[in-house]
Amino acid sequence: MESGLYVVATPIGNLGDISRRALDVLAAADLVAAEDTRTTRHLLAKFNIDNQVLAYHDHSDARAAQRILDCVAGGGVVALVSDAGTPLISDPGYRLVRELQDAGQAVFPIPGPCAAVAALSASGLPTDRFLFEGFLPGKSAARQARLAALAQRPETLVFYEAPHRVLECLDDMTAAFGADREALLAREITKAFETLRRAPLADLQAFVAADGNQQRGEIVLVVAGQRQRAETIDDDSARLLRRLAEELPPKRAAAVVADLTGLRKKQLYDYLLQQG
Ligand code: SAM
C-alpha cells in the first residue's frame, strides 16, 4: 500500500456499510488516528482488527500531528477515522490533511457513509445543488440570524441537528422559511429506528412535537431551497391572467396567478398594465 494519510469513512449505524477498502486500510495501517480511541477500538474489534490507535482531533497538541507526519514521512500508512461517517464532514481532520499535503505527503480518500449525503439521497428534494450547513448555532438568536441569512437561498439546505434542539430548530425554520416549505427529517439513518419523513415544515414540527421518540437519536434536516420564480410569463399563465383580469381587479388577478404559478405578482401586474 502506498505511503500516505488515508481518510477512511466508517458506518453511521449499520456496520454492513463498511467498505472492503476501508477494512483493508484499517487492517494494514501502521497507525489509526481516531477522534475517539474507545469508539474506534470498539469498531475495529467488531471486524477483528487489532491495530494501534492514536487520539487525534483538531485541537490535539502538536505531538499527535507530528507523530502522524513522522509515520508517513518514514514511508508508513496512517488511517484517519472519526466516530462515524466521513472524517472532516463536521468532524476533525481538516488541519491534519492540510499539514500532510503541505509537507508533500499523499492523502487518499476512502469514501463511504456520510449522514448528509445519505439523507439527501432519500429526501425526494432537489439534489442538483445543495448547501451543507452542518450544525446551526446552539443559541437561538444566532440560529435565527443564520436561518434568516439562508431563507432566500435556492439550493437544498442540509443541517445536522442535536436531538434536544430539533424542536426549537424546526420552530425557527418554520418562522424563517415559512410553514409550507418542504423539509425532510432523517433520523437514525441505517439504524433500527430509522425515520425518514418529508413534509411541509409546520407539519414536520407538529409530528416531532407529538412524538418524543422523534426527539432522540441522530438527526439530519434537509430543507428545500427557496422556489425560484420563472422569469418569463408562459402562454398558459398569460391567458389565465388575461381571463381573470376580465373578472377581477388587475392586482387581484395578478395575485391569484402568482399564487398558482410561482411567477412574481409585480411582473404579472406590470404585464396586465402593458396589455392596457
Ligand atoms: N462525519 C459524519 C458524517 O459523515 O455524516 C458526521 C459527524 S457529526 C459530528 C454527527 C452528526 O451527523 C449527528 O449529530 C447527526 O446530525 C448526523 N448523523 C450521524 N449519523 C447519523 C445517522 N445515523 N442518522 C442521522 N444523522 C446522523
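Both ligands and their constituent atoms are indexed starting at 1 by order of listing.
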Run the salt-bridge test on Asp236 and Arg239 with the 4.0 Å N-O cut-off and return the result as yes or no.
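Counted as a salt bridge, because a side-chain N and a carboxylate O are separated by less than 4.0 Å.
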Nearest 0.5 Å please: distance from the CG atom of Leu80 over to the CD atom of Glu35.
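Leu80 CG to Glu35 CD: 9.5 Å, rounded to 0.5 Å.
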Going from CG on Leu120 to OG1 on Thr127, what distance comes out if it is rounded to the nearest 0.5 angstrom?
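The distance works out to 7.0 Å.
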If we count only N and O atoms by modelled type, under 3.5 Å, do the side chains of Asp70 and Gln66 hold a donor and an acceptor together?
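Yes, Gln66 and Asp70 have a side-chain donor paired with an acceptor closer than 3.5 Å.
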At a 4.0 angstrom heavy-atom cut-off, what protein residues surround ligand 1?
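Within 4.0 Å of ligand 1, protein side: Ile12, Ala84, Gly85, Thr86, Ile89, Ser90, Asp91, Cys114, Ala115, Phe135, Tyr160, Glu161, Ala186, Glu188, Ile189, Lys191, Glu218, Ile219, Val220.
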Counting only N and O atoms by type, is there a donor-acceptor contact under 3.5 Å from the side chain of Gln205 to the main-chain atoms of Leu201?
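Not confirmed, Gln205 side chain does not pair with Leu201 backbone.
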Tabulate below the donor-acceptor pairs under 3.5 Å that side-chain atoms of residues 141-159 make, not counting sequence neighbours, or state none.
| residue | atom | partner | partner atom | Å |
| --- | --- | --- | --- | --- |
| Arg143 | NE | Asp172 | OD2 | 2.9 |
| Arg143 | NH1 | Gly138 | O | 3.2 |
| Arg143 | NH2 | Glu168 | OE1 | 2.8 |
| Arg143 | NH2 | Asp172 | OD2 | 3.1 |
| Gln144 | NE2 | Asp172 | OD1 | 3.1 |
| Arg146 | NE | Glu133 | OE1 | 3.0 |
| Arg146 | NH2 | Glu133 | OE2 | 2.9 |
| Gln152 | OE1 | Gln226 | NE2 | 3.0 |
| Arg153 | NE | Glu155 | OE1 | 3.0 |
| Arg153 | NH2 | Glu155 | OE2 | 2.8 |
| Thr156 | OG1 | Pro126 | O | 2.6 |

